[in-house]
Amino acid sequence: MEFTILAFLVQDGVTNGAIYALLGLALVLVFAVTRVIFIPQGEFVAYGALTLAFLDVGRMPGTAMLLVVFGIAAFLFDLVETRLRPGLPALARSAAINLVLPFAIYTAALFIVPTEPNAFVKALLTIVIVAPMGLYVYRIAYRPLSDATVLVLLITSVGVHLAMMGLGLAFFGAEGFRARPLTAGSFSVGFMPVAAQAVWIYGVTIAAMVGLYFFFEKTLLGKALRATAVNRLGARLVGVRTQLTGGTAFVLAATIGAVSGVLIAPITTVYYDTGFLIGLKGFVAAIIAGLSSFPVTALAAIGVGLVEALASFYASNFKEIIVFTLIIPVLIWRSLTTDHHEDD
Amino acid sequence: MSLLQLSDIRVSYGKAEVLHGVDLAMAEGRIVTVIGANGAGKTTLLNAAMGVVPSSGTILYRGKPVPPSVEGRVAAGMCLVSEKRELFGSMSVEDNMELGGFLRSASERAEARADLYDRFPRLKERRKQLAGTLSGGERQMLALARALMSRPKLLLLDEPSLGLAPKIVAEILGIVAELRSTGVSILLVEQNARAALEIADEAHLMELGEIRRSGSTDEMAADPAVVEAYLGGG
């Protein structure tokens, strides 16, 4: 193989790998804190990408209305719960988070969309629309099941994934879209042209990792999330509410999903169901890391990206098969080397 | 008014009822101990009081029904130091302490931490060390210090002497006895009846999920049945 081709493949692999790394981190985060294997992670990527693509052509994205719908559903859940123990402050807080917030975002979108804002405003608006969905999805689907087993939570995840994919089809249609890059054009490093969008991807991925590191190491809320992951009962005994850590984890995951969507929208055509496959590759990386280590997940994700890029060159028909087959030797190796213990 | 009043507390694990209607009231500023053999239901009683296990019956805290959740009870001023300590093993001693004050403001946390480092110099020395690497006695100290970071009004202490050398037991119970002067009330569950009776004001004897005898520690220490079964025949 020519060196030039190899260089292109490596660039391609690292670019995709960076996205998988972000998604893998989100999966590890959600699993560690809530024990949920978050299959719908990919849907947030698709929602993010499609929202940005709609904003690009000056259309109101369906996700803005979907956000309001999710908010109303979450509010109804709270209403049913507080009916058992009525309290005005709790209800007011719930209304602010579940009704006022999504409606405010929807209204803001209504005003911003026709003004044809620049790429960064659109990217930001996309993230603002998609990120709160993480909270509502947690409230509606997972919070009522916080004591359930990992298996029940997994089955729930499959359900949420199918529901969100269906909603994606309803709101965006079956057509694929591609967004404009944050910064157009490219420049060359030595002989090799590098797209400006790829630089955005590397930069944002690194910034997100550094940001997460500081969040988990330096802030009390971040430490509370780690504490919940380490010892669930211990965290409750110091007054850390499961709902707080769960909600935070899901909002972070949805934000990461939306950011990933914004990053890939200009380099891939995204359909309503594209997110699943992208999320699954992040999942491969997370599994290789045993759903526990952030650095190993990031490295494994880059590896997944590289394997995918090389496979697409040598055997493009088998690209996906080769990537997902990576899991099998890793699982065998892990099952032989780790101690088996019963689920709590 | 009692600080904590448990009435007709029943707890079942599956079909087996392990607490058969326990009544217990304690006043503010007291150290109350529940002694009894292994498996008598002492730990279950504390877990029920804290909301860690579901129970029937009524639990009043400062005359009002307790909040339903564990976290709500922590916010109300109750704190459980579990028999298993429940530390965050892969986090540093200092992070464990910080999280103990999760519901407190940053300034309250800083103040409480400085105060607790004075009281537990060993924890200060090891503040950068991971909690999982501490010795048994140090872990118990950290569990106690982490609980005190929340500035509790009522501390529920489950077997603080479990698995510790006698010298460390004396040290830890000494610290517990001192806590009374800082306005913390303590419900202490202990298998080590002799040690518990030394620091407590009143005691309850629990057997097979029921409270069989109650009284001041002097009365209990003089009760022939208690002496016979729990104090090694005097």
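By convention in this document, chain letters (A, B, ...) are assigned in the order of the sequence lines, proteins followed by strands, and residues within each chain are numbered from 1. Heavy-atom basis, side chains included; hydrogens, waters and symmetry copies ignored.
A:A235 touches chain B through backbone and side chain together, each having a heavy atom under 4.5 Å away. Contact of B:M149 with chain A is not made at all, since no heavy-atom distance falls under 4.5 Å. For chain A, no part of B:R85 is nearby; none of its heavy atoms comes within less than 4.5 Å. Contacts of A:V230 with chain B are made by side-chain atoms alone, with heavy-atom separations under 4.5 Å and no backbone atom involved. Only the side chain of B:R146 has a heavy atom closer than 4.5 Å to any heavy atom of chain A. There is no contact between B:S150 and chain A, counting heavy-atom distances below 4.5 Å.
Side-chain atoms of B:T44 and B:Y13 include a donor-acceptor pair closer than 3.5 Å. Between B:S161 and B:E190, the side chains place a donor N or O and an acceptor N or O closer than 3.5 Å (distance only, hydrogens not considered).
When the candidates B:N96, B:V52, B:V81, B:D95 are compared by the number of heavy-atom contacts under 4.5 Å with chain A, B:D95 comes out ahead.
The aromatic rings of A:F216 and A:F294 sit parallel to each other, their planes meeting at less than 30°, with 60° as the upper class boundary.
The side-chain heavy atoms of B:Y117 and B:L123, taken from C-beta on, include a pair separated by under 4.5 Å. B:K124 has its side chain out of reach of B:V93: every pair of non-hydrogen atoms, C-beta onward, lies at least 4.5 Å apart.
A side-chain contact (heavy atoms from CB on, under 4.5 Å) with B:I199 is found for one member of B:I186, B:L188, B:T33 and no other, namely B:L188.
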